[in-house]
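Report on the following structure.
Values below: every heavy atom of this structure, side chains too, minus hydrogens, waters and symmetry copies.
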Amino acid sequence: AQSVTQLDSQVPVFEEAPVELRCNYSSSVSVYLFWYVQYPNQGLQLLLKYLSGSTLVKGINGFEAEFNKSQTSFHLRKPSVHISDTAEYFCAVSERRNNDMRFGAGTRLTVKP
Amino acid sequence: DGGITQSPKYLFRKEGQNVTLSCEQNLNHDAMYWYRQDPGQGLRLIYYSQIVNDFQKGDIAEGYSVSREKKESFPLTVTSAQKNPTAFYLCASSRAGGYTFGSGTRLTVV
C-alpha cells in the first residue's frame with residue numbers, strides 16, 4: 001500500500017520569504033498526488049493535484065508543486081508567503097487503480113510578520 | 001453549489017452516551033469516508049463506503065458504526081465503546097481525482 005511522509009512537522013517563516021514544504025511518498029504502482037490546506041476548525045481544501053502530464057503543477061493562492069518520480073517527491077513551494085498562509089498543510093497520495101487516499105501527518109506553516 | 005455538509009459543528013457527549021454525526025453530500029459521489037483527526041497525528045480512516053448499502057472498516061473502526069442507506073448520506077455513530085472520542089471528525093466524498101471534505105465536527109466528552 002502507498003504511504004506519505006511529510007519531512008517537517010513545523011515550518012516557521014517570515015512574511016514575503018519563500019517556503020518549501022517537503023513530501024515523499026512510496027508506492028509500487030502509479031499514483032495521483034495532492035496537497036490540501038486546513039485552517040483552524042475547518043475541513044481540508046484542495047490546493048493542487050497531480051494526475052498526469054506536466055510535472056509542475058500550479059494551484060490556488062500562488063502555490064505550486066513539482067512531481068519528481070525518480071525521487072518519489074512532491075514538494076510544495078510558494079515564492080513569497082503571506083500571514084494568511086498560516087495553516088496546516090497535508091500531502092496525500094492515492095493509487096491510480098483505486099481511490100484509496102493516504103495522508104501525511106501534516107506540516108504546520110507559521111508565517112511571522 | 002455542490003458540497004458536503006457536516007452537522008453539528010460542535011457536539012458534546014456525556015460518558016456512556018452514543019452520538020451520531022451527520023454527513024450529507026450533493027456531489028453525486030459514490031464513495032464517502034470518515035476520518036478522525038487528533039493533534040499531530042494527521043487523518044486516520046474510520047470507515048468508508050464505495051457504494052450504497054456497503055461499507056468497510058478503516059484503520060480505527062473500533063467503537064464506531066456507520067450506515068449508507070442513501071447515496072447522499074453517511075452518518076457516523078460514536079458509541080460508548082469508543083474510550084477516547086474527543087477529536088475532530090471529517091467526512092469526505094470522492095470521485096476519481098481527489099476528495100472533497102466537509103467542514104468537520106468537533107466532538108468533546110464532558
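- Contact annotation for A:Gln45: neither backbone nor side-chain heavy atoms come within less than 4.5 Å of a heavy atom of chain B.
- For chain A, no part of B:Asp38 is nearby; none of its heavy atoms comes within less than 4.5 Å.
- At a threshold of 4.5 Å between side-chain heavy atoms, the hydrophobic network of Ile, Leu, Val, Met, Phe, Trp and Tyr places A:Val37 and A:Val81 in one connected group.
- Contacts of residues 99-110 of chain B with chain A at a heavy-atom distance below 4.5 Å involve B:Tyr99, B:Phe101, B:Gly102, B:Ser103, B:Arg106, listed in sequence order.
- In this structure, A:Val4 is a member of the same hydrophobic cluster as A:Leu109, with clusters built from ILVMFWY side-chain heavy atoms closer than 4.5 Å.
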For this session: Go through the steps for A:Gln42 and B:Leu90 under the test side chain to side chain contact (heavy atoms under 4.5 Å, CB included), then give the verdict.
Result: CA-CA 9 Å; A:Gln42 294 187 28; B:Leu90 285 164; over 6 Å; no
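- Atoms CD and CZ, from B:Gln37 and A:Phe103 in turn, are 10.0 Å apart once rounded to the nearest 0.5 Å.
- A:Leu76 and A:Ile60 fall within the same hydrophobic cluster, defined by Ile, Leu, Val, Met, Phe, Trp and Tyr side-chain heavy atoms under 4.5 Å apart, directly or through other members.
- Proximity to chain B (any heavy atom under 4.5 Å) is restricted, for A:Arg102, to the side chain, taken from C-beta onward.
- If you measure heavy-atom distances from B:Tyr48 to chain A, you find no contacts under 4.5 Å at all.
- Put simply, B:Tyr64 and B:Phe88 are part of two different groups of oily side chains (I, L, V, M, F, W, Y) that touch within less than 4.5 Å, one to the next.
- There is a path of hydrophobic side-chain contacts, each under 4.5 Å, that joins A:Phe90 to A:Phe34.
- Both the backbone and the side chain of A:Leu44 come within contact range of chain B, each with at least one heavy atom under 4.5 Å from a heavy atom of that chain.
- Scanning for salt bridge (Lys or Arg N to Asp or Glu O under 4.0 Å) contacts around B:Asp54 gives an empty result, with sequence neighbours left out.
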For this session: Please lay out, stage by stage, how B:Leu43 and A:Tyr36 fare under the test side chain to side chain contact (heavy atoms under 4.5 Å, CB included).
Result: CA-CA 12 Å; B:Leu43 279 69; A:Tyr36 288 87; over 6 Å; no
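- If you tally non-hydrogen atom pairs under 4.5 Å between each of A:Leu51, A:Leu46, A:Asn41 and chain B, the highest count goes to A:Asn41.
- Atom NZ of B:Lys57 has 12 or fewer heavy atoms from other residues, nucleotides or ligands within 6.0 Å.
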